[in-house]
Structure formats: C-alpha cells, structure tokens
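Keep in mind it's a predicted model, so treat the numbers as computed, not measured.
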Amino acid sequence: MTNLRKTLAFDDCPAFYQDDNRRNRGFNPTSKAFLEAKFGVLLPEHLVKGKKVLDLGSCYGAAGQWVLFNGAASYTGVEVQQNYVSESRRLLAHWQDRVEIVHQDVTSYLLATDDQAFDLVLLAGMLYHFVDTKQIIDQACRIASQQVVVETNYPPGMRSGKLPLDVAVTEYVTDQEVNLDHGNQSMLGISATTSLSALDILFRLNGFAKQENKLVFPLGPDTVIYDESALGSSDLQIRFAVRYFRDEKQQRLTTLESNLPEQSGQKRSWENDPVATARTEAYQRQAKALASTAKPGEWKFDAQVAAVFDGIARREIPDYLRVIDLCVRVIGKGKLEQPKIIDVGSATGETLRQLHQAGYRNLYGVDASADMLAKSFQQATLIHSEDFPEAHGPFDYVFNNWTLHFIRNPLNYLEAIKRSLAPGGTLILSDKVSSSECVHDLYYDYKRANGVTEEEILRKRKQIEGVLVTYPFTWYLSALTNLGFEQIEIINANTAFVTFMAVNPA
C-alpha cells in the first residue's frame, strides 16, 4: 500500500534537531515531533506562504526551514550567539538567497530596521528574556506590516496560582534561564514575563489585535512545555502562544504619558464625579463597619467586631501578618513534623488558617469570645474559655499574640501556659507594651497611614481605657524569667508592639 503521508519540513533535514545542543536538555528536549507540533501551530502554511518572515532569537534557524518549506518568500533570523549563527547558516544554506542570518542583538537590530520591513515577525521563546517587554513589542509592531506571532511563558506567579489568569501584569524574575549555544548548559539572569492580558494591551497600543484566542497545541510527551500538569505542579501550561494582526480599523489605545503633554486623553471632572463619590461612600461604609459602637471603657469582642475583625487587625496592629508568618516559620525550624499547637486569642482563626495551609493539623484555638469563635477557621479544635485550657496540654507551641493585654490576671495566665508547655516547648508572645507619648503617637501615625481618622483614633482610645492594659517592656522580661523560661528573645518589634520568644526548659 502506498504511503500517502505528506512530506514535512524536517523529514529530509534531521540536522535541525539532531545537531541542536538543546536535544540534551532534561526537560523539553528538541525533537522532530516537538518542532513539527510547535511550528505547525505558530506558523501554518496559509499564513506564511509568500511572506517575508523575521525570526528574533532564531537559534538554529529551524523556523526558517519550516516557513521556507511552506512557501515563505524569505526568512531573516537574528541571533546574538555566534555558534547558533554559524550552525543556522550551514543548515539553511540550501535556501540560498532566500535566507539571511544576522549576528546581532535583538534590540539594536529592531531599532535599525525600517518600518514594515517584514510581513510577519516571530517572537518565539524569547520575549521573556528581556526586561523591557514594551520596547520589544513596540519595535516588532513597527517593522511588521501584517502580523506578530508570540510564544512566551506565563508569569511564575500565575502558574503558581498566586495571580488570577486574567490579570494584566509583567512579573520580574531573577532566575530566568536562556540556553547557551554550546555544551549542555544555560545561563540565568534577570528578566520579565508578561501575561496574556498585558500583551493584549501592549499590542493594542500599536494598532494590533487578536483574531482568535490563544493558540492550541497538540499535547503529548514532546510538547510537555505546553502542559505543566504532566509534571503535577500546575494545571496551567508553562507557555502560551498568540497571533496579533495589524488592524487599521481598531482605535489604538494611548498611554497616559503620551496624552499628558497636550492633555489629549479622557478627562473626568471633580465636580459631581461619580467615581470619586462612589469611592468616598465605599470608604465611609468601610470605616463605619470597622468602627465599634462600644461606649468608653466598654470595648469587647462582640458580633459586630467579629464580623470585621480581620480588617481591624490589618489596619491597627503593626506587622500583624508578619508576626503570624514568623510563628509558622519558627515551627518550620523545629524537628517535629506534626507538633501540638495552640493559638491563644485565636479570634477568627487567621493564624490557625495559615498553620493549616503550611500542613500542620494538630491545631487548637482558645478565645473568650463566642462571637469570634463563631466566625473562626473551623479546621482546628476550638475552645471557648477565659482561662488557658491546661487540660488539653501539653503543647509544643503556644502562640499568645495581642491577647495578654486584655487578660485581667496576665501573670496567672502565663503560669498556666508554662505548666502546659511540653519540655522544650516554645512560647511566642506579642503584646502592646507601655510607651512614651512619642512612641504612642508613632503608633497613631501607623493608624493614620492606614486610613484611620483622628475621630476614630480618639473614640477607640476611650473605648479601650481600662480594657486593654499595657505593661512596661521590662515587665515581660521579668515575668518570663521568673517563671523559668529560657532563651528569651525578641523576634519582632514595631513602635509599641513587641514579640517575644521563650523556651520551656527540657
């Protein structure tokens, strides 16, 4: 039976993948199947036939073999690494004067090239090697008369799930890898990776737009670079690709900096401004929600406070999240895989939540407020008590952050904690300590910087009089020492708030 399979670009030119040093990479090695899958999507025949193609960062020139085989009028590759230049000239020599390989860096080549000198510009696996993404895109669009094809990486924060998929962002990284043209090695350096939404904006600034969504690659062992789920580390592919076409009908976007000299951009009046009004109203609603209605001297952690406690903590407790992170990191320095941990004054459970996210499961929380516990993170043993729950001990770690100053007999409470700590167990204690008026006003500056008004500061000060009782810094040192704690250290301090760490003798 006759084999009717269509001849492909690399069938008679195996050197493009057999001689490529990237075939030795442990991950994503160059292969015939990979080149066919990649270029079959990026550069289909109907889009390259008869076109003048520019390939930036051309490496071995495999894109040149593909586009010329599929009818491109000419191919120009720009490559800064000498060995890649020499090899691609050798491998593409059979195309004679339809090929030009330029030994030059991409940025300087773009700046020296005439407007619309090429029909198609290819940015495949190279855009994320540059710091100034916008400059490369601006110049690529300037010299492309018809289209720019991009294949690039997703930002690391997006692949890890920390950034939403639709965010327009350029993320700077310090360890971007670029393949070197000899040996089996690559080089690391500072670079930038731009999301798809951000690319859409940058291309629209130049009058280019997509005519389709992201390009879809056939997934398999040879295209694992487009499917990181195969590695079990992310459901998002490592790379994506997209084509942008010059669109004279679409109105270009303009930047603020280009509009400002002639004040030619969209304007919004401050008078009866609906945006400003909405922002002001939203802030007022938030401020009202965060403000307790308690009378002077009657502050308490009731249902009203519990509903908005996370917002209160973040804007009124210096280093709130930093101290919680320190607690998690301290446990990580220990030798116990699943230590027994209790958070005193666990409130809505932010510390418990972060401990759970870090993999710890033997978790307890105690709080005197039933309203706070009702709003708490639930994947822990929660205890409603004004006293320390000694019966549930011994504990390997006790966190008593921003709570002791609300307890009427703090020394008795510390004694109960000491009795409940396992030998060698660790106490982390954060409290607001007594301070001078100068330091106290520095603390109020912190509140002011977070949007707390003078009226709110004064009202809160009256509400907590006699409810929150501070002690001198030396009181804590003496109390912990007299109770028999060892290795008493300060691990964080910010204005009037101090975090101590102490160890129960083994």
Side-chain angles (χ1 to χ4, degrees), residues 299-301 305-306 309-310 312-313 316-317 319-331 334 339-356 358 360-422 425-433 464 467-471 475-476 479-480 483 485 488 490-492 497-504:
W299 167 272
K300 56 184 177 180
F301 293 98
V305 171
F309 177 76
D310 291 336
I312 294 173
E316 296 190 17
I317 301 177
D319 292 345
Y320 174 68
L321 294 177
R322 171 181 164 81
V323 170
I324 294 175
D325 179 65
L326 279 172
C327 290
V328 177
R329 288 163 55 197
V330 164
I331 297 174
K340 192 172 185 179
I341 309 163
I342 186 167
D343 183 30
V344 176
S346 54
T348 56
E350 181 61 33
T351 299
L352 296 172
R353 182 180 295 104
Q354 294 201 28
L355 288 167
H356 192 273
Y360 301 111
R361 296 295 182 265
N362 199 359
L363 303 176
Y364 291 75
V366 58
D367 203 290
S369 169
D371 291 317
M372 296 291 269
L373 290 175
K375 293 285 186 179
S376 179
F377 176 73
Q378 296 295 314
Q379 297 186 53
T381 300
L382 301 178
I383 304 165
H384 180 213
S385 176
E386 293 187 359
D387 301 318
F388 186 81
E390 295 183 61
H392 291 270
F395 296 98
D396 298 301
Y397 293 91
V398 175
F399 300 145
N400 189 342
N401 293 323
W402 316 292
T403 302
L404 197 65
H405 49 221
F406 287 111
I407 295 174
R408 295 283 68 82
N409 296 301
L411 191 56
N412 291 344
Y413 206 94
L414 284 176
E415 289 174 346
I417 289 176
K418 177 70 165 52
R419 291 192 296 267
S420 302
L421 268 172
T426 299
L427 166 67
I428 293 183
L429 168 64
S430 301
D431 241 8
K432 183 181 181 184
V433 303
I464 63 174
V467 179
L468 187 158
V469 179
T470 62
Y471 299 89
W475 181 91
Y476 294 88
L480 294 171
L483 286 171
F485 282 98
I488 302 168
I490 296 171
I491 59 173
N492 196 74
F497 288 76
V498 180
T499 299
F500 302 88
M501 184 169 70
V503 177
N504 193 30

Taking side chain to side chain donor-acceptor pair (under 3.5 Å) as the test, write out the residues that go with K418, two or more places apart.
N504
Side chain to side chain contact (heavy atoms under 4.5 Å, CB included) with A313: which residues, sequence neighbours excluded?
F309, I317, Y320
Distance from L480 atom CG to L411 atom CG, nearest 0.5 Å?
9.5 Å
Sorted by chain and number, sequence neighbours left out, side chain to side chain donor-acceptor pair (under 3.5 Å) with Q379 holds for H356
With a 4.5 Å heavy-atom cut-off, do T499 and L326 have their side chains touching?
no
Could you tell me which non-hydrogen atom of D367 sits nearest to which non-hydrogen atom of A347, and how far apart they are?
OD2-N, 2.9 Å
Among pairs that include at least one residue of residues 388-410, which meet side chain to side chain donor-acceptor pair (under 3.5 Å), considering only residues two or more places apart or in two chains?
E390-R419, N401-S430, H405-D431
Exactly one of I342, T381, L382, I341 should register a side-chain contact (heavy atoms from CB on, under 4.5 Å) with L363. Which one does?
I341
For L421 and F485, the nearest pair of non-hydrogen atoms, with its separation, is CD1-CE2, 3.6 Å
Got a sec, which residues hit side chain to side chain contact (heavy atoms under 4.5 Å, CB included) with A358, two or more places apart in sequence or on another chain?
V328, Y360
N362: which residues meet the side chain to side chain donor-acceptor pair (under 3.5 Å) condition with it, sequence neighbours left out?
none
Heavy-atom side-chain proximity of F399 to I331 below 4.5 angstrom
yes
The side chain to side chain donor-acceptor pair (under 3.5 Å) partners of T470 (sequence neighbours excluded) come to S434
Tightest non-hydrogen contact, residues E386 and A368, listed as CG-CB, 3.8 Å
Between CG of L427 and CZ of F500, what distance do you get to the nearest 0.5 Å?
10.5 Å
Tell me the side chain to side chain donor-acceptor pair (under 3.5 Å) pairs involving residues 340-350, sequence neighbours left out?
D310-T348, E350-R353, E350-Q354
To the nearest 0.5 Å, tell me how far D319 CG sits from I324 CD1.
11.0 Å
What's the shortest heavy-atom distance between F388 and V344, and which atoms?
CE1-CG2, 3.7 Å
Separation between CD1 (I488) and CE (M501), nearest 0.5 Å, reads 11.5 Å
Between atom CZ of R322 and atom CG of N492, what is the distance when rounded to the nearest 0.5 Å?
4.5 Å
Return the NZ to CG distance between K432 and L404, rounded to the nearest 0.5 Å.
14.5 Å
Tightest non-hydrogen contact, residues P410 and Y471, listed as CG-OH, 3.4 Å
Which residues satisfy the salt bridge (charged side-chain N to carboxylate O under 4.0 Å, His left out) test with D387, sequence neighbours excluded?
none
